[in-house]
Amino acid sequence: MTSAVAAPARRRADHGAWFLVLPALVPILLLSVGPLLYGIALAFTDAQSGRTAAAQWTGVLNFQDLLHDRLFWESFRIGLLWAVGVTVPQFLLGLGLALLLNQNLRFRWLARSLAIIPWAMPEVVVAIMWRLVYHPDAGVLNETLSGLGLGGDTDWLSGLATALPAVILVGVWAGMPQTTVTLLAGLQNTPHELHEAAALDGAGAWRRFRAVTWPALRPVALSVSALNLIWNFNAFALVYVLTGGGPGGRTRLPMLFAYEEAFRYGQFGYAAAMGCVMVAVISVLLAGYLAGRLKGDDAR
Amino acid sequence: MTSRIHGTRRTGRAGRTPRTPRTPRAGRAGRGARTRRAGRTPRTRRAGRAAQYAALAAYLVFLGFPLLWLLSTAFKPPRELGSLHPTWLPEDPTLDNFRQAFEEQPLLHAALNSLTAALCAAVIAVVLATPTAFVLARRRGRLATAATGWVVVSQAFPFVLVIIPLFLVLKNLRLINSMPGLILVYVVWSLPFALWMLVGYVRAVPPELEEAAAMDGAGRLRTLVSVVAPLLAPGIVATALFAFITAWNEFFFALVLLKTPEKQTLPVVLTHFLGAEGAADLGPLAAAAFLATLPSLVVFAVIQKRITGGLAAGAVKS
């Protein structure tokens, strides 16, 4: 990472530099690092909304309770299902599309312009839009399905079996464009000459992908999937507006569960403990991501 | 969370547009030569093309149909919304839903709140981040590494762990249900990413320029303001616009921190339409949702190329 830096620039970085760093670092330390540590501390107390001053240290009690909280593990399982269920199609479809949009096709401009829209939309609007699509009577999905003779009176978001898949589909829709655009940009960084050389040598499309495209794309693919996995695990707004965690908790992602625990039932300490467990899981993912990334850097 | 941007950093080549056609235009003409080179018959080649267009069409439908449905619903009169067989396009388009949306919820006021929060957050974040980015970009040491690491980490931890303590702190400062409190959270929340973007932009400015300024006797601040800042201006604007969209679209913090309807931002007010779930509300809901998207769409269209370029650069190289 430390590439050549002009020596004079480094020498000039005297103590005066510190005054320039403070404006951003002080607020970050006070309002981001600080609360994070405070939040971890809260996980070991019985803090509740309205009586935080009287909070007592309870040690690992919250974590012990979590261990026996069936609902929490259920939401954790749903969270993992959702995160993987969204990230994998996002990546596979995104990769396919990126390869497609890398070709010289007509209407490619249309696809690219459209791809930007879901990305710029507020998550709340995306969720509202899909509620309109899934609407049991006035929705376009049921209407289309019944037009094709495939049923057409499913209440997608309220069905115990359909809610999670329905929500996952929205997650894929909302996050795929960004994955696609990133992978596409990665594709365009791969040297074209290699492709041509491989084609001249008689390599088919699959072999060219395996031997030329994929090795060059791997670092991008890795960061995209790792970060998508983390963000999807932390998702809130989309599912909160789509189903509110229902029906019967079938789409209650960990963030929704923790939000309810903290701001509906006022259990700050308990919710903070949930946050800590989530951080622990994410740290593992993040460590994997950083390790992979360093390896990718070495390879370059 | 709306900052669904891969932890990226801009580098010098980041401003690139994702344009593909490096291959010679291989439309209908010139297919023969390429086919022979790839050792394939024209027929499989044509079938491959057809499959590609089919895939592209499927993608456009998947991407486009919810958008079209939102638009269509927004312009439908109640009679059509209640119909058992809704049509793709409104048969009798109306603007009534928009009028009704404004009557049902304080949309204008909410939009003003969103605008205030997003503008203030964007400006403050950029003003705070620019000098720091300048130092971090030119100095590589433990501090710079730690700051960069923090950017990645801060994008990753669940907000709920941060919002509970922030809620308590802001409550003690009497900043719950207030615009300054929300802006404070947005500034801090967008700072790491703003830093990351700006560091990339600063690195793209050749250090020689600063050295030349130093030779001429300009101090650090003077160099920053009169030499580097003008070159950085486009990057600063892009960063600010990005912070603006992020705050405009943000939902979670606003939901937790804003209690009364007259303080709430647009995304939170939009969810009020969902309260009573009658068919009659679908029209205004769609209309309001459509309106709420417009500003971020416009801003995004402006900075889109910069973001996608930065994404690639950041994702490839840490």
Side-chain angles (χ1 to χ4, degrees), chain A residues 2 5-6 8-9 13 16-17 20-21 23-24 27-28 31-32 35-36 38-39 52 97 100 102 104-105 111 114 116 120-122 124-125 128-129 132-133 138 140 143 181-182 184-186 188 192 199 202 219-220 223 227 230 234 236-237 255 258 262-263 268 272 275 278-279 282 286 293, chain B residues 4 6 18 20-23 26 37-39 52 55-56 59-60 63-64 66 69-70 73 81 86 128-129 131-132 135 138-140 156-158 160-162 164-166 168 188 191 207 211 220 249 251-252 256 267 270-271 279 282 286 289 292-293 296-297 300 304 308 311-312 315-316 318:
Chain A
T2 343
V5 163
L20 296 176
V21 176
I28 286 182
L31 287 156
S32 171
L36 185 68
Y38 188 4
T52 41
L97 270 166
L100 196 63
N102 205 20
N104 248 311
L105 295 179
L114 266 178
I116 298 304
M121 285 173 91
V124 169
V125 174
I128 287 174
M129 184 177 75
L132 297 173
V133 169
V140 67
E143 183 58 21
V181 171
T182 314
L184 183 59
Q188 278 155 18
H192 192 70
V220 185
S223 22
L227 291 175
I230 291 171
N234 283 338
F236 178 81
M255 267 289 284
F263 296 103
F268 282 169
M278 289 175 74
V279 166
I282 288 163
L286 206 61
R293 184 152 191 164
Chain B
R4 291 193 51 97
H6 294 110
T20 22
R22 262 184 239 164
T23 40
R37 208 204 292 156
Q52 287 181 342
L56 188 66
Y59 173 54
L60 289 180
L63 210 59
W69 193 248
L70 176 71
T73 310
L81 287 168
L128 293 181
T132 307
V135 175
R138 291 288 186 246
R139 234 180 117 124
R140 301 189 188 220
F157 52 65
V160 72
L161 193 57
V162 187
I164 297 171
L166 269 179
L168 293 175
V188 176
L191 262 179
E211 282 151 34
R220 173 179 294 279
N249 290 352
F251 178 65
F252 182 65
V256 172
L270 280 182
T271 61
L282 291 182
T293 308
S296 39
L297 274 185
F300 213 86
Q304 180 253 106
T308 49
L311 267 179
V316 175
S318 70

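Order of the sequence lines sets the chain letters (A, B, ...), proteins ahead of strands, with each chain counted from 1. The analysis underlying the following values was restricted to heavy atoms, covering all of them including side chains, and did not include hydrogens, waters or symmetry mates.
- Nearest heavy atoms, B:Pro267 versus A:Val124: O-CG1, 3.6 Å.
- Looking at A:Leu132, the atoms closer than 4.5 Å to chain B (heavy atoms on both sides) sit in the backbone and in the side chain alike.
- Atoms CZ and CG, from A:Phe268 and B:Leu168 in turn, are 5.5 Å apart once rounded to the nearest 0.5 Å.
- With a 4.5 Å cut-off on non-hydrogen atoms, A:Leu100 touches chain B through its side chain but not through its backbone.
- Of all the heavy atoms in A:Pro35 and B:Pro165, the pair that sits closest is O-CG, 3.0 Å.
- Applying the side chain to side chain contact (heavy atoms under 4.5 Å, CB included) criterion to A:Val133, with sequence neighbours excluded, gives A:Trp130, A:Val140, A:Leu141, B:Phe65, B:Pro66, B:Trp69.
- Contact tally against chain A (heavy-atom pairs below 4.5 Å) for B:Leu70, B:Leu63, B:Thr293: the top residue is B:Leu63.
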Step by step, would you call A:Phe263 with B:Ile164 a side-chain contact (heavy atoms from CB on, under 4.5 Å)?
CA-CA 9 Å; A:Phe263 296 103; B:Ile164 297 171; 4.3 Å; yes
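- If you take OG1 on B:Thr132 and CD1 on A:Ile28, they are separated by 7.5 Å, rounding to the nearest 0.5 Å.
- Using a 4.5 Å cut-off between heavy atoms, A:Met129 contacts chain B through both its backbone and its side chain.
- Of all heavy-atom pairs spanning A:Pro27 and B:Leu128, the tightest one is CG-CD1, 4.0 Å.
- Residues A:Pro122 and B:Ala292 come closest through the heavy atom pair CG-O, 4.2 Å.
- Here the closest heavy-atom approach between residue A:Leu105 and residue B:Gln52 is recorded as CD2-OE1, 3.6 Å.
- Only the side chain of B:Thr73 comes within contact range of chain A, with at least one heavy atom under 4.5 Å from a heavy atom of that chain.
- When all heavy atoms of B:Val160 and A:Ala258 are compared, the closest pair comes out as CG2-CB, 3.7 Å.
- Looking at residues two or more places apart in sequence or on another chain, you find no ring-ring contact (aromatic ring centres under 6.0 Å, His included) involving B:Tyr59.
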